[in-house]
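Note sheet for the following structure.
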Amino acid sequence: MVILGIETSCDETAAAIVENGQKVLSNVVASSVDLHAAYGGVVPEIAARSHIESIIPVIQEALKDAKTDWNQIDAIGVTYGPGLLGSLLIGVMTANTLAIAKEKPLYGVNHVEAHVYGAFLGSDQPAFPLLALIISGGHTQLVLFKNHFDYQVLGQTGDDAIGEAFDKVAKMLGLPYPGGPAISELAKKGDQNAFSFPTAKMQNPYDFSFSGLKTAVLRTAQQLAGKDYTLPSTDLPGLLNNRQKADIAASFQECALKTVVNGFNKAAAQYSPASLVVAGGVAASPRLREMLASEVSLPLFIPDFSFCTDNAAMVASNAYYQASLGRPPADPYKLEADPSLSMLSPY
Ligand code: KG4
Ligand code: ZN
């Protein structure tokens, strides 16, 4: 079964062709990240406008790269939430229209769930029950999958997502957006024990919180700059030296990553899953991969770098499993974008 996946939930316009949920025939991603960098974060209107410009060429390129034509496409999968409304609308309306015009079954895909399907892209498949840690710019969740589409959210963040914390700390240090890769690089030059940042204690041991950590980093940086809490964070990059910035990056990264790795390990000990999956943009972190390699003994699946950050191959894979398990396709006249689509009450 050959599926065209379409993903436009944030600032990446993506299309991919995937065979049987596993074999990626093409994977095209056009990002508007450079346009957002000047603003230090994603500007929804810019993202939506750039999806409009890119979506058709990106789909055409995905078909061309896979040496496929529409006759060989069996179904379409599209992210319909969660995400930015204006961005989701472009993908959903394009997919609805193509499903009608080309007479293809259409599957609506939950973006956060799809991140886990990045781990199914390959010949080696994770076994159920599967414990997934989904860490991205928009989400931080621990989810126990008993089977495909049969899961329980064990915990999630009560405030910022972990990737968002990386992006905000990066901004304080004058690093470019998105902050994760820049913090990773700078942290290599710093001392991870230079500062001891706090970890939030949550009632549910699988919930997370990153806003306290972000504030602690801000206060430490203000002190190092010789100022009090009234100093605007935008003044920090000019007042901190390179050594101080690298030490903050390393200590923050260690604390943030330890928080999610500890929750993951605790859940693995309690639920004894058959496999572990770490997915989402933050799973690209080399330091996280190092920590997991030394601490985790169960079979661990981390998607290839290009399938960690937003892409449409993971969307096509999710749609394949929906189709192969006999779930009914969506009505292309009715499928709508749902910016706050949740994982809390699946199907
Ligand atoms: O999954 P993704 O591409 O988009 C969302 O669905 O949010 O994740 C993007 C996030 C950004 O916050 C970015 O800073 C973070 O992933 N990220 C990283 C690294 N590479 C990307 N965070 C930490 N370390 C990295 N190396
Ligand atoms: Zn994502």
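Only heavy atoms go into these numbers, but all of them, side chains included; no hydrogens, no water, no symmetry mates. Just so you know, ligand 1 is whichever comes first in the structure, and atom 1 is the first atom listed for that ligand.
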Counting non-hydrogen protein atoms only, what is the nearest one to atom 8 (O) of ligand 1? Give residue, atom name and distance. G281 CA, 3.3 Å

Which of the atoms of ligand 1 are close to S285, meaning less than 4.0 Å from one of its heavy atoms? 24 (N), 25 (C), 26 (N)

Between Y320 and E19, do the side chains contain an N or O donor and an N or O acceptor separated by less than 3.5 Å? no

Which residue and heavy atom of the protein sit nearest atom 26 (N) of ligand 1, plus the separation: S184 OG, 3.0 Å

Report the name of the N/O/S atom of H111 located nearest to the Zn ion (ligand 2). NE2

To which protein heavy atom is atom 15 (C) of ligand 1 closest, and what is the distance rounded to 0.1 Å? V282 CG2, 3.9 Å

Judged by atom type as modelled, is there a donor-acceptor pair below 3.5 Å linking the side chain of T8 to the main-chain atoms of G91? yes

Proximity of H111 to ligand 1 by residue part, where a heavy atom lies under 4.0 Å: side chain

Under the ring-ring contact (aromatic ring centres under 6.0 Å, His included) rule, collect the residues that match up with Y107, sequence neighbours excluded. none

With side chain to side chain donor-acceptor pair (under 3.5 Å) as the test, would you mind laying out the steps for S211 and D160 before giving the verdict? CA-CA 6 Å; S211 67; D160 292 349; 5.7 Å; no

Given the options V28, I73, N27, I17 meets side-chain contact (heavy atoms from CB on, under 4.5 Å) only with I73

Spell out, as yes or no, whether a donor-acceptor pair under 3.5 Å connects the side chain of Q156 to the backbone of V153. no

Find all atoms of ligand 1 within a distance of less than 4.0 Å from any non-hydrogen atom belonging to G138, and give their numbers and elements. 7 (O)

Give the residue and atom name of whichever protein heavy atom lies nearest to atom 13 (C) of ligand 1, and the separation in Å to one decimal. D167 OD1, 3.8 Å

Heavy-atom proximity to atom 20 (N) of ligand 1, picking from A256, P178, P181, points to P181

Are H115 and ligand 1 in contact, using a heavy-atom cut-off of under 4.0 Å? yes

Considering only non-hydrogen protein atoms, determine which one is nearest to atom 22 (N) of ligand 1 and report residue, atom name and distance to 0.1 Å. G180 CA, 3.3 Å

State yes or no: are the ring centers of F120 and H148 separated by less than 6.0 Å? yes

Answer yes if F208 and L154 sit in the same cluster of Ile, Leu, Val, Met, Phe, Trp and Tyr residues linked by side chain heavy atoms under 4.5 Å apart, and no otherwise. yes

Is the Zn ion (ligand 2) less than 2.8 Å from at least one N/O/S atom of H139? no

Report the atom name of the nearest N/O/S atom of D310 relative to the Zn ion (ligand 2). OD1

When I6 is tested against each of V58, V109, V315, I55 for side-chain contact (heavy atoms from CB on, under 4.5 Å), which residue passes? I55

Considering distance alone, does some N or O of E12 sit under 3.5 Å from an N or O of ligand 1? no

If you measure every N/O of G163 against every N/O of ligand 1, is any gap under 3.5 Å? yes

Check for me whether the distance between the ring centres of Y117 and Y321 falls short of 6.0 Å. yes

Could K214 and E164 be called an ion pair, given the rule that one side-chain N must be under 4.0 Å from one carboxylate O? no

Measure the distance from atom 3 (O) of ligand 1 to every protein heavy atom, then report the residue, atom name and distance (to 0.1 Å) of the closest one. D310 N, 3.1 Å

When you measure from atom 10 (C) of ligand 1 to every protein heavy atom, which one gives the shortest distance, and what is it? G137 N, 3.4 Å

Check ion pair R49-E45 (N to O, under 4.0 angstrom): no

G280 N/O under 3.5 Å from ligand 1 N/O: no

Within the structure, does T309 bring an N/O atom to less than 3.5 angstrom of an N/O atom in ligand 1? no

